[in-house]
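Comments concern the structure below.
Keep in mind that what you see is a predicted model, and the values were worked out from it rather than measured.
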2 protein chains.
Amino acid sequence: MKTLMILGIDIGGTGVKFGLVSPQGDITEHKKLDTRVMVKEGFAESLAKTIKEYLTAHPDIKGVGIGFPGLLSVDRKKVIFLPNIPEVKDMPVVNILKEKFPDLTIKIENDAKCATMGEYYFGDNKGTDNFMLVALGTGVGSGAIINQQLFLGARGNGMEIGHMLGRDGKTLEQHIGLASIIAYAKEILKDAKDTKLDKDNLGMHALCDAAAKGDIYAKKVFTYVGTHLGEHMVSVIRVLDLDNILIGGGISAAFDYILPAMESVILKNLPPYYTNALKIKKAWLSNDAGLLGAAGLIMHEHRVFADTI
Amino acid sequence: MKTLMILGIDIGGTGVKFGLVSPQGDITEHKKLDTRVMVKEGFAESLAKTIKEYLTAHPDIKGVGIGFPGLLSVDRKKVIFLPNIPEVKDMPVVNILKEKFPDLTIKIENDAKCATMGEYYFGDNKGTDNFMLVALGTGVGSGAIINQQLFLGARGNGMEIGHMLGRDGKTLEQHIGLASIIAYAKEILKDAKDTKLDKDNLGMHALCDAAAKGDIYAKKVFTYVGTHLGEHMVSVIRVLDLDNILIGGGISAAFDYILPAMESVILKNLPPYYTNALKIKKAWLSNDAGLLGAAGLIMHEHRVFADTI
């Protein structure tokens, strides 16, 4: 099993990443294609062509794991709909690839669930029974491992926690998606004094820097993020009874500033049964999480961990 | 299997119901004990004594299913905590009973999940792959069947949707528990004219009657209920991706008046992937749902349906 070689593919709205992944999480032979070009060439054909190239160079590839940014069929054979690649719709991608590569294990998964798989196979939470990943970026993605399995929900597309409704009937994403955070920051900076933040030139980096230096406005922004995130975590925990939360994505750079408000809201709204056991950590996630997680799908199929081979 | 005879037990804060249940859902030999008296006698001993009486009279009893109003261990062996019977805490009830009755199948479950099991084995949703039950009463109870199994969440006590947070950081129960509904009705009736509702003597029955006769205040109350319920259903659906909702409990008498606002909120907040498949129905639930559902635990163990034996 030491030679289990996997091709991971991470499909995004602008680019599609390919890479050979070892069970230890080493990525080699990295490659990136333009999503729009692939769509123009015929998405499935273009995908198959690149897989074929990898197979020719590396005949020892045992499986291909692919992450898609959208809805999949519950049996994980078909792409239903990808908001940012609407051309790829109702596509029986697994059957198409299985026909061309009958000896390969081929697995597909939603991209946020792939990232969760990445944490499960390569991150700090390796092999943990239960946890939830919350990826805070432009939007809010999420996935959960329950009893050592990806939790899909009844029809295959659960864990869309960014679209749960909270205060004012708004979704979590409407509250703390990147654009909303920046809009909130601009609002409170309108008449601000005693700050070096420039309200016309705001980003996560500037906000994190300012918070580290004790800027009260930056801190207020992350208190806002933590409060909304905390309230939604209360709701998710009430439904899934999970006690292990990983915060990932670009905005998690501000983890230390988000955590206090988040914890305070959770402690206020959940009884000790939940809070005594609760662990909230920064995710291990990197830019390659999607690719690694896609490879994790194949490891999951074989129940292989890096330290068991 | 035609003779599969089950003892169902439904434990409540004030009374404990016992009954022999057939796989067809007939209940005989009904009996009710006072919870406080049982606690005084020693709860487990009292429970065992009554089970023994049933077994002596009916040696063909194959299993005992018990519903508890509170938190259970994930392996369904132990009661962790019952808010209304705090004396019954950390009790290894299954082992205690197994020791006394080694030949019996003994199963325990949370009461709202029992009611869900009741719907699954005896209601309109018999054998349905996936559905969620929302029981609207004094509080808001809930359970879900996912892939023909009770969904427990990671640690065994998920589906507490009554405690999810929504508008104003309030829980669903704080919005539409019975007391909150009555408080809302009183509020809007303060300066009301053109209504026969008596704000000092309000109940579900009076509100339903009034709504049936077109009373605008009664209708407004149920629009309020449907709106909050709808928003929380959006959140649950986003997490669990279920497409089948049953509304039960005393307040479901007003189902027809609650549904329009509920549907409207759901349609506004969920894309067609969810709403195209969504079915919302009144639950079949009766007062005996808990008892039947407890018996359903034993049927589930044997995978027996009324029409398969």
Side-chain angles (χ1 to χ4, degrees), chain A residues 70-71 74 80-81 83 128-132 142 144-149 151-174 227-228 230-244 265-266 268-274 277-278, chain B residues 70-71 74 80-81 83 128-132 142 144-149 151-174 227-228 230-244 265-266 268-274 277-278:
Chain A
L71 303 175
V74 66
I80 298 178
F81 182 66
T128 304
D129 277 6
N130 305 298
F131 71 90
M132 161 166 57
S142 185
I145 297 282
I146 297 186
N147 300 331
Q148 309 213 1
Q149 300 290 342
F151 176 68
L152 303 183
R155 303 194 305 145
N157 294 289
M159 290 308 292
E160 290 285 347
I161 74 166
H163 300 286
M164 291 173 79
L165 300 178
R167 280 184 187 265
D168 308 320
K170 284 188 187 170
T171 66
L172 179 59
E173 221 167 80
Q174 284 169 339
T227 303
H228 283 291
E231 289 194 353
H232 280 264
M233 288 301 99
V234 167
S235 293
V236 179
I237 290 169
R238 286 295 197 172
V239 176
L240 299 182
D241 195 8
L242 285 161
D243 60 2
N244 204 327
V265 166
I266 290 174
K268 192 182 137 206
N269 287 287
L270 286 178
Y273 165 76
Y274 300 98
L278 191 63
Chain B
L71 303 176
V74 66
I80 297 178
F81 182 67
T128 303
D129 277 6
N130 305 297
F131 70 90
M132 161 165 57
S142 185
I145 297 283
I146 296 185
N147 299 332
Q148 310 215 359
Q149 300 290 342
F151 176 68
L152 303 183
R155 303 194 307 146
N157 296 287
M159 287 309 291
E160 291 285 346
I161 74 165
H163 300 285
M164 291 172 79
L165 300 177
R167 280 184 188 264
D168 307 321
K170 285 188 187 170
T171 65
L172 180 58
E173 221 166 81
Q174 284 168 339
T227 302
H228 284 291
E231 288 194 353
H232 280 264
M233 288 301 98
V234 166
S235 293
V236 180
I237 290 169
R238 285 294 197 174
V239 176
L240 300 182
D241 195 8
L242 284 162
D243 59 2
N244 204 328
V265 165
I266 290 174
K268 193 182 137 205
N269 287 286
L270 287 177
Y273 166 76
Y274 300 99
L278 192 62

Chain B contacts, top residue of [options] (heavy-atom pairs, under 4.5 Å):
options                               : result
A:Leu240, A:Thr171, A:Asn269          : A:Leu240
A:Glu231, A:Arg167, A:His232          : A:Arg167
A:Asp168, A:Val74, A:Ile161, A:Val265 : A:Asp168

Sort B:Phe81 into side chain, backbone, both or neither according to what part of it lies under 4.5 angstrom from a heavy atom of chain A.
neither
Proximal component of B:Phe151, with respect to chain A [non-hydrogen, under 4.5 Å]
side chain
Let me confirm one number: the [atom1]-[atom2] distance from [X] to [Y], rounded to the nearest 0.5 Å.
X        : Y        : atom1 : atom2 : value
A:Ile237 : B:Glu160 : CD1   : CD    : 13.0 Å
A:Leu165 : B:Met164 : CG    : CE    : 9.0 Å
A:Tyr273 : B:Arg155 : OH    : CZ    : 4.0 Å

Scored by heavy-atom pairs under 4.5 Å with chain A, the best of B:Pro271, B:Gly153, B:Ser142, B:Gly169 is B:Gly169
Which portion of [X] sits near chain B, non-hydrogen atoms under 4.5 angstrom:
X        : result
A:Asn157 : both
A:Ile80  : side chain
A:Val239 : both
A:Leu71  : side chain

Taking only residues two or more places apart in sequence, or in another chain, which ones meet B:Asn244 in a side-chain hydrogen bond (donor to acceptor under 3.5 Å, both in side chains)?
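Testing B:Asn244 for side-chain hydrogen bond (donor to acceptor under 3.5 Å, both in side chains), a comparison that skips the adjacent residues, returns B:Asn125.
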Contact summary for A:Ala154 and B:Asp241, nearest pair of heavy atoms:
CB-O, 3.5 Å
